[in-house]
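Below is one structure, written out as structure tokens, with a few remarks after it.
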Amino acid sequence: MNTNNPVNGHVLIDKIVDLYSQYLSCSPEQLDLLALWTMHTHGMPAAPFSPSLNIHSRQKQSGKSLCLELLRLLCHEPEMHIAAAPSLLLHQLADASHDGENEFTGTLLLDDCHATFGTRMNLKLQGLLTARFRQHGFYTVEAKGAEGYEMQQLHVFFPTAFAGHGRLPACLADRSILISLEPKPPGSPCQPFRFYDALKLARPISHDLREWGGKNYETMCAIAPYRQDQFPPGLTSRQQDCAEPLLHIADFIGGEWPQRARQALVNAFALA
């Protein structure tokens, strides 16, 4: 696929991988997926779908919260919550006006999500987070109008990443890409994470990401829906939906990234 500036895109994603690898101990394929997803958050309006990241581990202290902190440095307009109450998230995500002026368009990063989804009020939130997967997603709420309460449909389309213990609700796991983390091995070269030190390193990359997203928006919008033969073999239709936005970016960048992205996605879905 041709690009307007393939060198810049290639250099940019390499910088993202390099930053994440300084702090996070995980496989090169998972670093690739994190970098592609980060770029996806800056091209959201052009994407047909937006897969969540399901940041998971079998053991404590494996870097789940750290992974979200790193995403917070580079993703588009990050909003990070820890064990948030469903009512708080519903207010933030669904409190939109009739003309959509208050529509949430940032990146939702939810840590300790098991505490959020394990409460009585989680079904409405699960419904909203399921609807936001598609570009044309809508969520129905009850709003007070001039003649009493009425049903209102809100457009919801924004990227999300979850980290926590246990399993995600099935409706969300089905629309996610798994990032599986393990504790740092002895002798790991990863350095201790200090937010403000990492922020200094991230600022120029974040600036470049915003510029990349704006410059290439129209080109990304013009990408035709992928055919069956453009996906790795063996993916289900839902997995293809999850993979397509990241493949758009990988193919747009070119070089070795189309193959790297496909291999990383196949392995992530197999692991899930």
Side-chain angles (χ1 to χ4, degrees), residues 3-44 50 52-53 55 57 60-84 92 104-113 158-164 177 179 181-217 220 246 249-250 252-253 255 257 260-261 264:
T3 67
N4 292 331
N5 202 332
V7 175
N8 284 349
H10 200 287
V11 170
L12 179 57
I13 197 168
D14 285 348
K15 288 181 179 179
I16 300 170
V17 169
D18 181 66
L19 177 65
Y20 289 166
S21 66
Q22 290 186 49
Y23 301 100
L24 191 64
S25 179
C26 65
S27 72
E29 289 183 347
Q30 291 175 328
L31 288 172
D32 288 352
L33 292 176
L34 289 170
L36 287 165
W37 190 85
T38 298
M39 296 184 78
H40 161 68
T41 70
H42 288 269
M44 268 293 294
S50 181
S52 298
L53 291 185
I55 302 167
S57 67
K60 294 182 178 180
Q61 300 182 27
S62 296
K64 297 186 299 296
S65 298
L66 170 60
C67 189
L68 286 184
E69 288 282 7
L70 291 169
L71 293 172
R72 180 184 176 192
L73 294 173
L74 295 182
C75 287
H76 171 69
E77 296 183 5
E79 290 284 347
M80 186 167 176
H81 296 278
I82 302 173
Q92 179 182 16
F104 179 79
T105 57
T107 302
L108 176 65
L109 307 173
L110 182 57
D111 200 6
D112 288 340
C113 64
F158 51 86
T160 59
F162 307 113
I177 295 172
I179 302 293
L181 302 178
E182 300 287 346
K184 290 182 182 179
S188 170
C190 294
Q191 58 184 288
F193 178 78
R194 299 294 181 266
F195 178 78
Y196 290 107
D197 291 338
L199 181 61
K200 292 178 182 178
L201 298 175
R203 276 175 176 159
I205 305 174
S206 179
H207 175 272
D208 290 346
L209 275 165
R210 291 192 295 271
E211 183 176 334
W212 179 88
K215 180 178 181 180
N216 297 301
Y217 169 73
M220 298 293 286
L246 303 193
I249 293 171
F252 184 76
I253 292 171
W257 277 97
R260 282 172 65 168

Handout entry: Pairs meeting criterion salt bridge (charged side-chain N to carboxylate O under 4.0 Å, His left out) with involvement of residues 30-40, two or more places apart
Key = Asp32-Arg260

Handout entry: Residues in ring pair (Phe, Tyr, Trp, His ring centres under 6.0 Å) contact with Phe162, at least two apart in sequence or another chain
Key = Phe117

Handout entry: From OG1 (Thr107) to CE (Met80), nearest 0.5 Å
Key = 12.5 Å

Problem - Test ring pair (Phe, Tyr, Trp, His ring centres under 6.0 Å) applied to His81 - qualifying residues, sequence neighbours left out - result: none

Practice task
Name all pairs fulfilling the side chain to side chain donor-acceptor pair (under 3.5 Å) condition that reach into residues 194-208, sequence neighbours left out, sorted by first residue then second.
Solution key: Ser206-Arg210

Practice task
Check salt bridge (charged side-chain N to carboxylate O under 4.0 Å, His left out) between Glu182 and all other residues, then give those that pass, not counting sequence neighbours.
Solution key: Arg58

Problem - Sequence-distant partners of Glu69, salt bridge (charged side-chain N to carboxylate O under 4.0 Å, His left out), two or more places apart - result: Arg72

Handout entry: Residue from Ile177, Leu24, Leu74 passing side chain to side chain contact (heavy atoms under 4.5 Å, CB included) with Leu34
Key = Leu24

Problem - Counterpart residues, side-chain contact (heavy atoms from CB on, under 4.5 Å), relative to Pro183 (two or more places apart) - result: Gln59, Ser62

Handout entry: By side chain to side chain donor-acceptor pair (under 3.5 Å) - contacts of Asp112 (at least two apart)
Key = none

Exercise for the section: Check whether any side-chain heavy atom of His76 sits under 4.5 Å from a side-chain heavy atom of Met44, and report yes or no. Expected result: no

Completion exercise
Sequence neighbours excluded, the answer for ring pair (Phe, Tyr, Trp, His ring centres under 6.0 Å) partners of Phe195 is none

Practice task
For His42, enumerate each residue passing the side chain to side chain donor-acceptor pair (under 3.5 Å) test, keeping only those at least two apart in sequence or located in another chain.
Solution key: none

Exercise for the section: Using the test side chain to side chain donor-acceptor pair (under 3.5 Å), find all partners of Ser57 that sit at least two apart in sequence or belong to another chain. Expected result: Lys64

Problem - Min side-chain heavy-atom separation Tyr23-Leu73 under 4.5 Å - result: no

Exercise for the section: Please list, chain by chain and in numerical order, all residues satisfying side chain to side chain donor-acceptor pair (under 3.5 Å) with Thr160, sequence neighbours excluded. Expected result: Ser52

Practice task
Flag the pair Trp37 / Cys75 as yes when at least one side-chain heavy-atom distance between them is below 4.5 Å, and no otherwise.
Solution key: yes

Handout entry: CD on Glu29 to CD1 on Ile179, rounded to 0.5 Å
Key = 10.5 Å

Handout entry: NZ (Lys184) with more than 12 external heavy atoms under 6.0 Å
Key = yes

